[in-house]
Amino acid sequence: MTTLVIVESPSKAKKIQAYLGTGYTVRASLGHVRDLPASRHEIPARYAAEPWARLGIDVQAGFRPLYVVPRSKAKVVRELRELAAKATRVLLATDPDREGEAIAYHLAQALGLKGDVQRMTFHEITKDAIQTAAKRTRPLDYALVGAQESRRALDRLVGYGVSPVLWGAVAPGLSAGRVQSAALATLCERELERMRFVSAPYWRVTATVGEEPFTAVALSVNGRRLATPRDFDHAGNVTGEALVMTDEQAAKLVAYLKVRPCLVERVERAPFTTRPPAPFTTSTLQQEASRSLRLSPKQTMDVAQKLYEGGFITYMRTDSPALSDEATRAARDAAEQAYGPGSVPAAPRLYAAKVKNAQEAHEAVRPAGRTFRASADTGLAGTELALYDLILRRTVASQMTDLLGERTTVTLRVGAVVLQAVGRTVRDPGFTRAYQDTSETGPDDDAQALPDVREGESLPVRDAAAEHRRTPAPGRFTEASLVRALEKAGVGRPSTYASILSTIAERGYARVVKRQLVPTWLGLLVNVYLREHFERLVDVRFTAAMEEDLDRIASGELRREAYLTRFWTEGLAGVIAGAPRLSPTLAVPRVPGATVTVRSGEVVLALGSRTAPLSEAVVPDELTADVVEEVLSGRLPPGPNTTAPSRRGSGRGSSGTRRSARPHKGEARSGKRTARAGGRTR
DNA sequence: CAGTGAGCGAGCTTCCGCTTGACTT
């Protein structure tokens, strides 16, 4: 008389086993157990000859998917099937979201479960929640399964439909997909902005004033506002009325300020409050770990996985910032113990997901348990300790009081010149005693500690100076800031954020240089091609639209087949058939006539009748007229193509396929490599 | 006659999302 309970993660299984006790056997599925076949060797022999076998979806037969148990999951499925046969009933306790419902469905199929299949769902792992959930089971939600199946089919149709177009038009081995192509487009748009960007010079004039000296910035002269970076467009032109001083004017202004009295015209004080940031989700954890610990999203997830397995934190792949009641109490207790009874507000703070597409199957990432272990008591060290400490402080801070402060703006007048200084004082540090959000920069960049000055007061001008500055180009994305941008658009999921970046890197579309993501020429060209022929695919809003349709499928309002027919049969399939297999061409901004294109797998720069191979060592936004000339005249050696095959594949499939696949990629990225290898052989 | 090399054809590449270890680089 046992009940078999199947969850997704082994750590979770262990914990739930303890809460349910004897009579229950709790095991893990380790994620999905069936999927569309990835490549030919996964296709069962009797389907191998079907024209749709490569897609794994029989479009003619109402988009019927072909599911197989991948080799890596055969053992798990076998073991679960044996346990299921011995059990009196089976509860499918996979995550309470779309993917979890699908995993439950596939388990039912793969294990051959008969009769009505029961789902057990819960949003937090406490003894109460688990025991209640085991009693209140429900049937499988087939509409939700249909929504997941639609998502899976759409991704397959896009990925396996569009990628071969790129093999024909650009180079073999390349890829496109709903998520990766939106991510690539995000990177490329920014890089193109940088390539088009013209930096504008301007002067920033400051004066040091007062007995207790502070710095004020010149805002206007004779009522005419002085230009700041915000007054320039990306072409380097002034957009409004602001005055851009010449060198002489700036020097004159400095001299003018030095010899005149300074009057305090206005002093404005405005109180402000800052609320603590919400507890971590996967995305915000990756962003903070990147900024304060300098970890990549992948490193962060690897360390978090260790902490999770060790029982130090809750599940690390989540889109919800919500804390359970238990965790809220623990955070408030921890705050009061460390910072006193006044450090938490009377009512607990509640957090809910704001991002698109949130499924909220789990809590926020937070210290595990009903009381939080102090970092020093964990026995952790190094990066694990640092990440735990970050999670602990963020969680505790999320329940603490606001930061209370006052912003002071002092307006000064020196003759015809108006200057301003901004000060910031903290009256009550509130949550910042536990946690300083490193992203807290912005309008208060120039804030300083100001002495107490009064309106009408006269201050001595001690010094004045002019600083020559240039407007900065829009910044590149880091791995973490790209994750943030994708999450905001609802593209990708907590379990995939870190791997989106490795996909783009493995294809040679982008690389990480000093923590910045730099698209390659190949990446830019692929993006040009996709933008011209598959516009929807590079639009980050595409996923959001898909999610709306999936919700309608889940609620029974829209049928899976109707949705896929409209998307594929009446849409993408025709676009794929009609897309020309011609190499894309990128016009180099600011170098008239210069173009970058790809010929037999090699990136080539052209100007008029002159052409030369273009190395990936030439960073896109540094390709100026001078550099174009150097490349074309051969003075800049083409050098090794730096898009070295960064990593091996994720280890799927047999070694045989891997070996045959790699040389293609090498050729695709650099014709040089094959030539060199050939030349060296004796 | 043996060894070499050009030329040809077949097969492969590819998606997203859910989980851990296994296994090289």
Side-chain angles (χ1 to χ4, degrees), chain A residues 6-13 27-41 54-57 70-73 75-76 94-95 97-104 106-107 148-168 170-183 301-302 305-306 308-309 315-317 319 357 359 361-362 491-500 503 506-507 526 537 543 546 572 576 601 644-668 678:
Chain A
I6 305 176
V7 297
E8 295 181 36
S9 142
S11 304
K12 214 189 227 183
R27 288 296 139 85
S29 75
L30 306 180
H32 273 289
V33 293
R34 298 202 310 176
D35 192 13
L36 304 173
S39 59
R40 185 150 287 274
H41 67 267
R54 194 188 62 90
L55 277 180
I57 297 170
R71 188 180 275 287
S72 59
K73 290 298 169 62
K75 194 178 154 206
V76 181
T94 48
D95 292 352
D97 57 19
R98 195 165 64 211
E99 294 295 327
E101 203 70 16
I103 295 173
H106 285 299
L107 282 169
Q148 190 277 346
E149 200 162 65
S150 307
R151 196 280 304 158
R152 182 66 189 91
L154 181 142
D155 282 331
R156 170 55 64 93
L157 293 169
V158 169
Y160 279 32
V162 178
S163 295
V165 179
L166 292 178
W167 305 341
V170 185
L174 301 183
S175 66
R178 171 177 58 84
V179 169
Q180 62 168 283
S181 296
M301 295 311 282
D302 286 349
Q305 177 82 30
K306 287 271 187 304
Y308 170 64
E309 285 169 8
Y315 197 58
M316 62 282 155
R317 289 184 274 266
D319 53 23
N357 183 18
Q359 307 251 329
H362 304 94
V491 175
R493 301 280 310 135
S495 64
T496 61
Y497 291 140
S499 60
I500 294 168
T503 299
E506 271 167 32
R507 297 288 163 270
V526 165
L537 199 56
T543 292
M546 177 195 77
L572 188 61
I576 288 171
S646 48
R647 284 282 161 83
R648 311 226 91 199
S650 49
R652 256 178 273 151
S654 69
S655 55
T657 53
R658 230 192 263 157
R659 270 190 52 227
S660 59
R662 289 299 147 179
H664 280 289
K665 283 191 185 165
E667 277 171 5

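Keep in mind the model is a prediction, meaning the values are calculated, not measured. Residue numbers begin at 1 in each chain, while the letters A, B, ... track the order of the sequences.
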Peer 1: How far apart are the C-alpha atoms of Arg152(A) and His32(A), what are their side-chain angles, what is the distance that settles it, and do they pass the side chain to side chain contact (heavy atoms under 4.5 Å, CB included) test?
Peer 2: CA-CA 12 Å; Arg152(A) 182 66 189 91; His32(A) 273 289; over 6 Å; no

Peer 1: Does the pair Lys306(A)/Asp302(A) count as a salt bridge with the N-to-O cut at 4.0 Å?
Peer 2: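 Judged by the 4.0 Å cut-off on N to carboxylate O distance, Lys306(A) and Asp302(A) do not form a salt bridge.
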
Peer 1: Which listed nucleotide (dT14(B), dT19(B), dG17(B)) is nearest to the side chain of Tyr315(A)?
Peer 2: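 The answer is dT19(B).
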
Peer 1: In whole angstrom, give the distance that lies between atom CD of Glu309(A) and atom C1' of dG21(B).
Peer 2: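 Nearest whole value for this atom pair: 9 Å.
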
Peer 1: Considering only dC15(B), dC16(B), dT19(B), which nucleotide approaches the side chain of Ala38(A) most closely?
Peer 2: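 Selected nucleotide (nearest to the side chain): dC15(B).
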
Peer 1: Kindly point out which of dC18(B), dC15(B), dC16(B) is positioned nearest to the side chain of Asp155(A)?
Peer 2: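 Nucleotide nearest to Asp155(A)'s side chain: dC16(B).
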
Peer 1: Can you tell me which nucleotide in dC16(B), dC18(B), dT13(B) comes closest to the side chain of Arg152(A)?
Peer 2: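 For the Arg152(A) side chain, the nearest candidate turns out to be dC16(B).
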
Peer 1: Please pick, from dG17(B), dT14(B), dC18(B), the nucleotide with the shortest atom-to-atom distance to any side-chain atom of Asp35(A).
Peer 2: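 Minimum distance to the Asp35(A) side chain belongs to dG17(B).
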
Peer 1: Hey, does Val158(A) reach any base, or is it just sugar-phosphate, or nothing, if we go heavy atoms under 4.0 Å?
Peer 2: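 No contact.
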
Peer 1: Starting from C1' on dC12(B), measure out to CG on Leu166(A) and report it in whole angstrom.
Peer 2: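 That distance rounds to 16 Å.
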
Peer 1: Heavy-atom nearest nucleotide on DNA chain B for Ser9(A) versus Leu36(A): which residue maps closer to 5'?
Peer 2: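 The residue whose closest nucleotide sits nearer the 5' end is Leu36(A).
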
Peer 1: Could you check whether the side chain of Arg151(A) and the base of dC16(B) have a donor-acceptor pair of N or O atoms closer than 3.5 Å, going by distance alone?
Peer 2: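 Such a pair exists between side chain and base.
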
Peer 1: Hey, does Ala28(A) reach any base, or is it just sugar-phosphate, or nothing, if we go heavy atoms under 4.0 Å?
Peer 2: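 Touches nothing.
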
Peer 1: Where the side chain of Thr503(A) is concerned, which of dT20(B), dC15(B), dT19(B) is the nearest nucleotide?
Peer 2: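 The closest nucleotide is dC15(B).
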
Peer 1: Select base, sugar-phosphate, or nothing to describe what Tyr308(A) touches, counting heavy atoms under 4.0 Å on all strands.
Peer 2: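 Answer is sugar-phosphate: Tyr308(A) comes under 4.0 Å of backbone atoms only.
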
Peer 1: Measure from OH on Tyr497(A) to C1' on dC18(B) and round the result to the nearest Å.
Peer 2: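 In whole Å, dC18(B) C1' and Tyr497(A) OH are 14 Å from each other.
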
Peer 1: Which part of the nucleic acid, if any, lies within reach of Arg178(A) when heavy atoms closer than 4.0 Å are counted: base, sugar-phosphate only, or nothing?
Peer 2: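 Touches sugar-phosphate only.
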
Peer 1: Should Gln359(A) and Arg98(A) count as side-chain neighbours, where that means a heavy-atom distance under 4.5 Å?
Peer 2: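 Side chain of Gln359(A) against side chain of Arg98(A), heavy atoms only: contact under 4.5 Å found.
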
Peer 1: Gly31(A) near the nucleic acid: base, sugar-phosphate alone, or nothing, with a heavy-atom cut-off under 4.0 Å?
Peer 2: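 It contacts base atoms.
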
Peer 1: Which nucleotide sits closest to the side chain of Asp95(A): dT14(B), dC18(B), dT20(B)?
Peer 2: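 Selected nucleotide (nearest to the side chain): dC18(B).
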
Peer 1: Hey, does Arg156(A) reach any base, or is it just sugar-phosphate, or nothing, if we go heavy atoms under 4.0 Å?
Peer 2: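 Base, at least one base heavy atom under 4.0 Å.
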
Peer 1: Between the main-chain N or O of Arg151(A) and the side-chain N or O of Arg178(A), is there a donor-acceptor pair closer than 3.5 Å?
Peer 2: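 Pair absent, no side-chain N/O of Arg178(A) close to backbone of Arg151(A).
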
Peer 1: Applying a 4.0 Å non-hydrogen cut-off, can you work out what Ser29(A) is touching in the nucleic acid: base, sugar-phosphate, or nothing?
Peer 2: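 It contacts nothing in the nucleic acid.
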
Peer 1: Within this structure, what is the OG-CG distance for the pair Ser495(A) and Asp95(A), rounded to the nearest 0.5 Å?
Peer 2: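 Rounded to the nearest 0.5 Å, the OG-CG separation comes to 10.0 Å.
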
Peer 1: Rounding to a whole Å, what distance do you find between His362(A):NE2 and dC18(B):C1'?
Peer 2: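 The answer, rounded to whole Å, is 10 Å.
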
Peer 1: Nearest whole Å is fine: how far is dC16(B) P from Arg507(A) CZ?
Peer 2: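 Arg507(A) atom CZ is separated from dC16(B) atom P by 9 Å.
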
Peer 1: Rounding to an integer number of Å, can you tell me how far Trp167(A) CH2 sits from dG11(B) P?
Peer 2: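 Going from CH2 in Trp167(A) over to P in dG11(B) covers 15 Å.
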
Peer 1: Would you mind reading off the distance between Leu157(A) atom CG and dT14(B) atom P, rounded to a whole angstrom?
Peer 2: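 My rounded result for the distance is 18 Å.
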
Peer 1: Check whether any side-chain N or O of Thr496(A) sits under 4.0 Å from OP1 or OP2 of dC16(B), and answer yes or no.
Peer 2: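 It does not, given that no N or O in the side chain of Thr496(A) lies less than 4.0 Å from OP1 or OP2 of dC16(B).
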
Peer 1: Look at all strands and tell whether Gln148(A) reaches a base, only sugar-phosphate, or nothing, counting heavy atoms closer than 4.0 Å.
Peer 2: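 If one applies the 4.0 Å heavy-atom cut-off, Gln148(A) turns out to touch nothing in the nucleic acid.
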
Peer 1: Which part of the nucleic acid, if any, lies within reach of Arg40(A) when heavy atoms closer than 4.0 Å are counted: base, sugar-phosphate only, or nothing?
Peer 2: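 It contacts sugar-phosphate atoms only.
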
Peer 1: To the nearest Å, how far apart are Leu154(A) CG and dG17(B) C1'?
Peer 2: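 From Leu154(A) CG to dG17(B) C1': 14 Å.
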
Peer 1: For residues Arg317(A) and Ser9(A), determine if any side-chain heavy atom of one lies less than 4.5 Å from a side-chain heavy atom of the other.
Peer 2: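 SC-SC contact between Arg317(A) and Ser9(A) ruled out.
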
Peer 1: Does His41(A) reach the side chain of Arg71(A), with side-chain heavy atoms less than 4.5 Å apart?
Peer 2: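 His41(A) vs Arg71(A): side chains apart.
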
Peer 1: Start at the 5' end of DNA chain B and walk down; is the nucleotide closest to Ser175(A) or to Met316(A) reached first?
Peer 2: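 Nearer the 5' end of the strand: Ser175(A).
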
Peer 1: OP1, OP2 of dT19(B) versus side-chain N and O of Arg317(A): anything below 4.0 Å?
Peer 2: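 Result: yes.
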
